[in-house]
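Here the structure comes first, spelled out in structure tokens, and everything after it is commentary.
Every chain is numbered from 1, with letters handed out A, B, ... down the list of sequences.
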Number of protein chains: 2
Amino acid sequence: MSPPGLRRMRADARRNYESLLATAHAMFSEHGTDASLEEIARRAGLGIGTLYRHFPTREALLEALLHDRMEGLAAEAGALLADPSPRAALWRWLTAFTERAFIYRGLPASVMATLRDETSELAACCHRLNTAGAALIRHAQDAGEIRADVAPADVMAMAGAIAWVGEQTPDDPERRSRLLTLLADGLTTGA
Amino acid sequence: MSPPGLRRMRADARRNYESLLATAHAMFSEHGTDASLEEIARRAGLGIGTLYRHFPTREALLEALLHDRMEGLAAEAGALLADPSPRAALWRWLTAFTERAFIYRGLPASVMATLRDETSELAACCHRLNTAGAALIRHAQDAGEIRADVAPADVMAMAGAIAWVGEQTPDDPERRSRLLTLLADGLTTGA
DNA sequence: ACCTGAACACCGTTCAAGT
DNA sequence: ACCTGAACACCGTTCAAGT
């Protein structure tokens with residue numbers, strides 16, 4: 001929510017910036033990641049050019065909306081490294097991850113698509129989150145609490161997949177946690 | 001590939017129908033489910049109206065392309081019910097499912113989206129496939145070869161999620177099978 | 001320094017006119 | 001019976017003109 005030079009923006013520019021973020025959040029929440037940028041600008045009462053000036057790409061807009069949330073999750077993973085029960089800590093974190101990382105419909109696909117582009121700030125953000133999660137998984141493996149013959153990246157991929165499914169079928173809000181349990185069981189076998 | 005009234009079509013209409021299907025397959029393969037319908041018609045050398053006449057919606061086009069493939073997978077599931085080793089048969093089928101059910105990028109999401117619409121032919125097709133898979137899972141459960149406390153629908157959802165992940169990261173073609181193994185392990189715990 | 005909106009290229013979808 | 005493409009409404013993106 002607070003890019004480096006935000007304070008130095010002209011007052012009206014700052015107001016517009018915040019207004020665009022709020023409107024974009026509402027639109028993405030309602031229509032998913034593909035929501036119309038023109039309508040976001042329209043609903044914010046601004047010209048489309050203003051939106052592009054602040055957010056040169058749809059991805060930049062998403063990044064601004066997700067940055068704090070993702071960094072927060074990454075920080076939580078770091079903090080949980082100190083937890084006395086690595087396995088329980090991992091489950092707590094994976095639950096938070098699947099519930100809070102992908103708040104807009106179509107987000108996993110968007111993220112995956114931009115993940116190849118090394119220059120993208122959103123990709124860098126995702127990468128940090130992914131690394132933080134992988135470290136937590138590795139930690140539980142080192143503690144001997146989950147099997148060590150599974151790549152942490154694969155576990156993260158699986159968690160992402162579960163988040164994706166949960167998002168596709170909002171009619172069954174319990175599904176996510178059931179699938180996560182299934183993953184947990186797979187990771188405990190032969191620990 | 002062969003809707004009921006195909007033989008009764010005028011020769012040119014039939015040619016156009018086939019040409020649209022072939023071109024659409026190429027375009028969807030290259031650009032995913034969101035490929036431009038106008039360009040499909042253009043590349044097939046036909047007016048956009050002709051495409052709409054044969055396929056009133058993008059979903060109808062997808063359905064025509066996927067019908068045989070999905071019915072085939074459903075039939076295989078049915079046949080595998082007779083397999084002497086229910087667990088191995090299930091794994092064979094789930095592997096085929098994750099490899100062959102979602103051939104275009106964006107297909108899982110498209111399918112999920114249309115799955116709510118009861119009137120859609122594509123949705124009906126998916127529903128049959130899902131039911132066939134669920135039956136195979138139930139069968140392995142009844143034989144006591146995988147745990148019985150997991151809903152077959154959840155296993156299918158997980159398989160779909162794995163297919164989705166595999167499709168997103170084509171750089172790691174082995175990931176799909178590794179994740180499937182992880183699912184298998186989760187299903188074997190406490191069988 | 002920032003905002004605006006017209007301009008351009010594109011797409012989805014429909015439908016009157018053709019053969 | 002089938003095909004065509006113009007017409008309409010929409011969107012993404014850029015940029016010259018404004019304040």
Side-chain angles (χ1 to χ4, degrees), chain A residues 3-24 26-28 30-64 104-106 109-110 113-114 117 120 122, chain B residues 3-24 26-28 30-64 104-106 109-110 113-114 117 120 122:
Chain A
L6 195 55
R7 283 188 210 155
R8 267 173 268 146
M9 276 203 282
R10 226 165 64 179
D12 58 339
R14 171 169 190 136
R15 240 191 339 264
N16 292 341
Y17 179 90
E18 301 289 0
S19 170
L20 283 167
L21 274 187
T23 313
M27 284 289 289
F28 285 148
E30 193 177 355
H31 296 103
T33 309
D34 290 329
S36 158
L37 298 181
E38 269 186 337
E39 198 175 338
I40 290 173
R42 209 157 40 222
R43 262 147 90 144
L46 297 168
I48 181 66
T50 304
L51 185 150
Y52 274 92
R53 157 166 270 264
H54 286 295
F55 310 102
T57 112
R58 166 177 249 112
E59 194 194 295
L61 183 49
L62 278 173
E63 203 279 329
Y104 309 128
R105 210 160 6 109
S110 304
T114 61
D117 180 12
S120 143
L122 180 58
Chain B
L6 195 54
R7 284 189 209 155
R8 266 173 268 145
M9 276 203 280
R10 225 164 62 177
D12 59 337
R14 173 170 189 137
R15 242 189 338 265
N16 292 341
Y17 179 90
E18 302 288 1
S19 169
L20 283 167
L21 274 188
T23 312
M27 286 287 291
F28 285 148
E30 193 177 356
H31 296 104
T33 309
D34 290 330
S36 158
L37 298 181
E38 269 188 335
E39 198 175 337
I40 291 173
R42 207 156 42 223
R43 261 147 93 143
L46 296 169
I48 181 66
T50 305
L51 186 150
Y52 274 92
R53 158 166 271 262
H54 285 295
F55 309 103
T57 112
R58 167 177 249 111
E59 195 194 294
L61 183 49
L62 277 174
E63 204 276 330
Y104 308 127
R105 209 161 5 107
S110 304
T114 60
D117 178 11
S120 143
L122 180 58

Practice task
Output yes when a side-chain donor or acceptor of A/R105 lies under 3.5 Å from a complementary backbone atom of A/E30, and no otherwise.
Solution key: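 Yes, A/R105 side chain to A/E30 backbone: donor-acceptor pair under 3.5 Å.
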
Problem - Under 3.5 Å donor-acceptor, B/T23 side chain and B/S19 backbone - result: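 It does hold such a pair.
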
State the [atom1]-[atom2] distance between [X] and [Y], to the nearest 0.5 angstrom.
X      : Y     : atom1 : atom2 : result
B/R53  : B/I48 : CZ    : CD1   : 14.0 Å
B/R42  : B/M27 : CZ    : CE    : 8.0 Å
A/T33  : A/R58 : OG1   : CZ    : 8.0 Å
A/H54  : A/R14 : NE2   : CZ    : 11.0 Å
A/L122 : A/E59 : CG    : CD    : 5.0 Å
B/L61  : B/E63 : CG    : CD    : 10.0 Å

Problem - B/E38 vs B/N16, nearer the 5' end of DNA chain D by closest nucleotide - result: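 Result of the comparison: B/N16.
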
Exercise for the section: Would you please classify the geometry between the A/F28 ring and the A/Y104 ring as parallel, tilted or perpendicular, with 30° and 60° separating the classes? Expected result: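 Geometry flag for A/F28 against A/Y104: tilted rings.
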
Problem - Interface residues of residues 45-54 of chain B with DNA chain D (non-hydrogen, below 4.0 angstrom) - result: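 Residues of residues 45-54 of chain B under 4.0 Å from DNA chain D: B/L46, B/G47, B/I48, B/G49, B/T50, B/R53, B/H54.
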
Exercise for the section: Have a look at B/R15 and say if it touches a base, only the backbone sugar-phosphate, or nothing, with a 4.0 Å heavy-atom cut-off. Expected result: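 Answer is nothing: B/R15 stays at 4.0 Å or more from every strand.
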
Practice task
For DNA chain D, write out the stems as range with range, using runs of 3 or more consecutive Watson-Crick or G-U pairs with both distances under 3.5 Å.
Solution key: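 When the pairs of DNA chain D are grouped into runs of at least three, the stems are C:4-8 with D:12-16, C:12-16 with D:4-8.
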
Handout entry: Note, A/L62 side chain near A/F55 side chain (heavy atom, < 4.5 Å)
Key =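 Answer no - side chains too far apart.
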
Problem - Range on DNA chain D touched by chain B - first to last nucleotide, heavy-atom distance under 4.0 Å - result: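 Range of nucleotides touched by chain B: D/dA1 to D/dA6.
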
